[in-house]
Structure formats: C-alpha cells, structure tokens
Novice: 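Before we start, here is the structure in question, set down as structure tokens.
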Amino acid sequence: MTHMPYYPMMLTLAGRRCVIVGGGNVAARKIRYLIASGAEVTVVSPTLTPELRRLVQEGNVVHLEREYACGDTEGALLVFALTDCAGVNERVAADARRDGALVNLTHAPELSDFANPGVLQQGAVQVAVSTGGASPTLTRLLMHKLSILMDEGLAELAEHLLQARHEAQSSFIDAKARHQVLRQYADRCWHAHELGEPLPVWSTWIQDFNSSHR
C-alpha cells in the first residue's frame with residue numbers, strides 16, 4: 001500500500017503533557033526537543049541514561065521509575081513508544097490512541113501517527129526535513145546541504161522582522177496595506193542579509209517609503 005504523505009505542521013507544546021516510554025539514547029534526543037518547546041515531559045522507564053537522570057534531577061522531567069503501565073498515557077498530547085520490545089510499544093500505542101494522544105513508534109514508522117523530521121534552527125528560524133521514512137541517510141545529506149544556508153544572521157533577521165511587524169500593526173489599520181508594506185520591507189532586509197549589509201532600520205525605511213508613495 002502506498003504511504004500517504006505526512007501533513008507538515010509546527011506544534012505549540014508549552015504546558016502540554018508528553019509521555020516517553022523508554023529511557024535510552026533515542027528517548028534523550030526526543031526529550032531535549034520537547035523540553036526546549038516547553039512541554040511537560042514524563043518518562044516511563046526502570047532505567048535512564050546519565051543525561052536523562054540529570055534532567056530528572058534538575059526538575060525538567062518527571063520520572064516514573066518502573067515498567068510501562070496502563071494509564072500512563074492519560075492526558076498526553078504526544079506519546080513516544082521507545083522500548084526495545086515491539087509488544088510493549090504496540091500496547092503503548094493502543095493505550096495512547098484510546099486516550100486521544102498521537103503516538104510515535106521510532107522503530108515502526110508505518111505504525112506511527114507522526115514522525116519527527118530532521119531540524120535545523122537559528123533563533124526563531126526552523127527548517128524541518130523529512131523523506132517520509134524512506135531514508136535517514138538522505139535526510140542527513142539534505143540537512144547538511146541546507147545547513148550551509150542556515151547562518152547565524154538568520155536569527156537576527158527573523159527578530160528584526162518580528163519587531164517591524166509589531167510596529168506596523170500599531171501604524172497600519174488596513175491589513176492589506178500592512179501586508180504589502182511588510183513584504184517589501186522583508187524583501188529589502190533579505191537583500192541586505194544576502195549582501196552582508198546592515199539591516200535597514202524600520203523607522204527610517206518606512207519614513208522613506210511613505211515619502212516616496214505620496
């Protein structure tokens with residue numbers, strides 16, 4: 001059967017419960033991103049890697065130090081079944097779906113509700129890469145190629161444009177006019193970024209823009 005393509009999205013996880021069943025290195029990688037996203041993380045495992053134990057000690061992760069039990073997925077938005085036992089992972093998945101959660105089985109993407117893409121990040125700028133489970137190697141190669149474009153200046157550019165957006169929202173009542181102006185300003189900022197020039201200051205640029213359009 002042909003695999004349907006994934007629906008791409010960015011999730012807001014701040015304050016949302018996420019459950020990881022398994023305490024190995026794969027779990028540690030998932031948990032790093034979950035914590036960075038503000039999720040409330042619970043890990044269920046009789047053993048943990050040193051990194052995970054440190055995160056528990058620091059209060060970043062709730063640890064249920066035992067084997068998985070029915071009810072552990074209640075209230076979760078995302079559940080990750082990461083044990084070495086396929087039977088346990090499938091039971092976790094069944095319980096998670098019954099509780100209304102989305103589940104990821106790392107070693108069985110065809111049984112998962114979602115996949116974690118490769119991620120490149122500079123500040124607020126995030127680029128997600130997925131090959132639909134076809135090849136982790138291809139994902140890695142694509143990420144390497146894209147990483148050349150992800151310079152540190154992108155974080156500054158994104159913050160610069162966000163500030164301009166806030167200022168424009170208080171200056172332009174008409175949404176259509178605001179969007180048109182912000183598009184032109186973003187194009188000018190991108191051009192400056194590409195050339196390694198200082199980013200144009202919004203207050204100066206908008207004054208010149210208004211003068212030229214009178």
Side-chain angles (χ1 to χ4, degrees), residues 5-20 29-42 55 58-62 75-80 100-102 104 113-132 139 142-214:
Y6 291 115
Y7 178 80
M9 68 170 70
M10 295 291 185
L11 286 175
T12 298
L13 292 181
R16 303 302 297 269
R17 185 169 190 254
C18 296
V19 175
I20 293 82
R29 288 198 300 272
K30 306 287 186 185
I31 288 173
R32 279 187 228 119
Y33 284 107
L34 291 171
I35 291 174
S37 298
E40 295 183 357
V41 180
T42 296
L55 291 173
E58 292 173 351
N60 295 310
V61 176
V62 174
L77 175 64
L78 302 179
V79 173
F80 299 80
L102 297 174
N104 174 269
D113 297 319
F114 67 96
N116 288 118
V119 177
L120 297 167
Q121 183 168 4
Q122 287 287 354
V125 180
Q126 290 179 298
V127 175
V129 179
S130 172
T131 56
T139 299
L142 286 170
M143 289 181 63
H144 175 71
K145 192 161 190 174
L146 290 170
S147 67
I148 300 171
L149 303 176
M150 293 287 287
D151 60 78
E152 295 180 1
L154 283 177
E156 178 188 356
L157 175 60
E159 182 62 31
H160 196 79
L161 292 175
L162 177 62
Q163 184 60 40
R165 182 182 177 190
H166 290 326
E167 295 187 28
Q169 286 173 337
S170 63
S171 304
F172 289 85
I173 298 176
D174 183 77
K176 184 177 180 180
R178 182 172 67 246
H179 293 159
Q180 289 175 342
V181 168
L182 285 173
R183 276 197 297 269
Q184 292 186 52
Y185 181 66
D187 285 342
R188 178 65 187 88
C189 288
W190 177 256
H191 183 68
H193 169 73
E194 288 278 84
L195 294 177
E197 298 176 349
L199 299 177
V201 177
W202 167 259
S203 58
T204 303
W205 183 88
I206 193 61
Q207 184 176 7
D208 293 342
F209 177 86
N210 288 333
S211 297
S212 65
H213 286 75
R214 284 175 183 167

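What you see below is based on every heavy atom in this structure, not just the backbone, and it leaves out hydrogens, waters and symmetry mates.
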Novice: Got a second to check how far Ile31's CD1 is from Ile20's CD1, nearest 0.5 Å?
Specialist: 4.5 Å

Novice: Could you tell me the separation between the CD1 atom of Ile206 and the CD atom of Gln184, rounded to the nearest 0.5 Å?
Specialist: 9.0 Å

Novice: Where do Leu55 and Val41 land on the side-chain contact (heavy atoms from CB on, under 4.5 Å) test, with the steps shown first?
Specialist: CA-CA 10 Å; Leu55 291 173; Val41 180; over 6 Å; no

Novice: Using the ring pair (Phe, Tyr, Trp, His ring centres under 6.0 Å) criterion, which residues pair with Phe114? Sequence neighbours excluded.
Specialist: Phe80

Novice: Any idea how Phe209 and Trp205 line up, ring-wise: parallel (<30°), tilted (30 to 60°), or perpendicular (>60°)?
Specialist: parallel

Novice: Once you round to the nearest 0.5 Å, how far does CG of Leu34 lie from CG of Asn60?
Specialist: 12.0 Å

Novice: What are the two closest non-hydrogen atoms of Ile35 and Val61, and how far apart are they?
Specialist: CD1-CG2, 3.8 Å

Novice: How long is the span from the CD atom in Glu194 to the CG atom in Asp151, to the nearest 0.5 Å?
Specialist: 8.5 Å

Novice: So, Ser147 side chain and His144 main chain: donor-acceptor pair closer than 3.5 Å or not?
Specialist: yes

Novice: Would you say the side-chain atoms of Tyr185 pair up with the backbone N or O of Arg165, donor to acceptor, closer than 3.5 Å?
Specialist: no

Novice: Which pairs of donor and acceptor atoms, one on a side chain in residues 115-130, lie under 3.5 Å apart (sequence neighbours left out)?
Specialist:
unit_1	atom_1	unit_2	atom_2	d
Asn116	OD1	Lys30	NZ	2.9
Gln121	OE1	Gln126	NE2	3.4
Gln121	NE2	Gly123	O	2.9
Gln122	NE2	Met150	O	3.2
Ser130	OG	Gly132	N	3.0

Novice: Looking at every non-hydrogen atom in both residues, tell me the closest pair between Leu199 and Cys189 and how far apart they are.
Specialist: CD2-O, 3.5 Å

Novice: List the steps, then state whether side-chain contact (heavy atoms from CB on, under 4.5 Å) holds for Arg16 with Leu78.
Specialist: CA-CA 9 Å; Arg16 303 302 297 269; Leu78 302 179; over 6 Å; no

Novice: Flag the pair His193 / Leu154 as yes when at least one side-chain heavy-atom distance between them is below 4.5 Å, and no otherwise.
Specialist: yes

Novice: Going from CD on Glu152 to CG on Leu157, what distance comes out if it is rounded to the nearest 0.5 angstrom?
Specialist: 14.0 Å

Novice: Report the distance from atom NZ of Lys145 to atom CD1 of Ile148, rounding to the nearest 0.5 Å.
Specialist: 8.0 Å

Novice: Any sub-3.5 Å donor-acceptor pair from His160's side-chain atoms to Trp202's backbone N or O?
Specialist: no

Novice: Taking Arg178 for its side chain and Ala168 for its backbone only, find out whether a donor-acceptor pair lies under 3.5 Å.
Specialist: no

Novice: Minimum heavy-atom separation for Ala76 to Val19, with atom names?
Specialist: CB-CG2, 3.9 Å

Novice: How about CD on Glu58, more than 12 heavy atoms from neighbouring residues, nucleotides or ligands closer than 6.0 Å, or not?
Specialist: yes

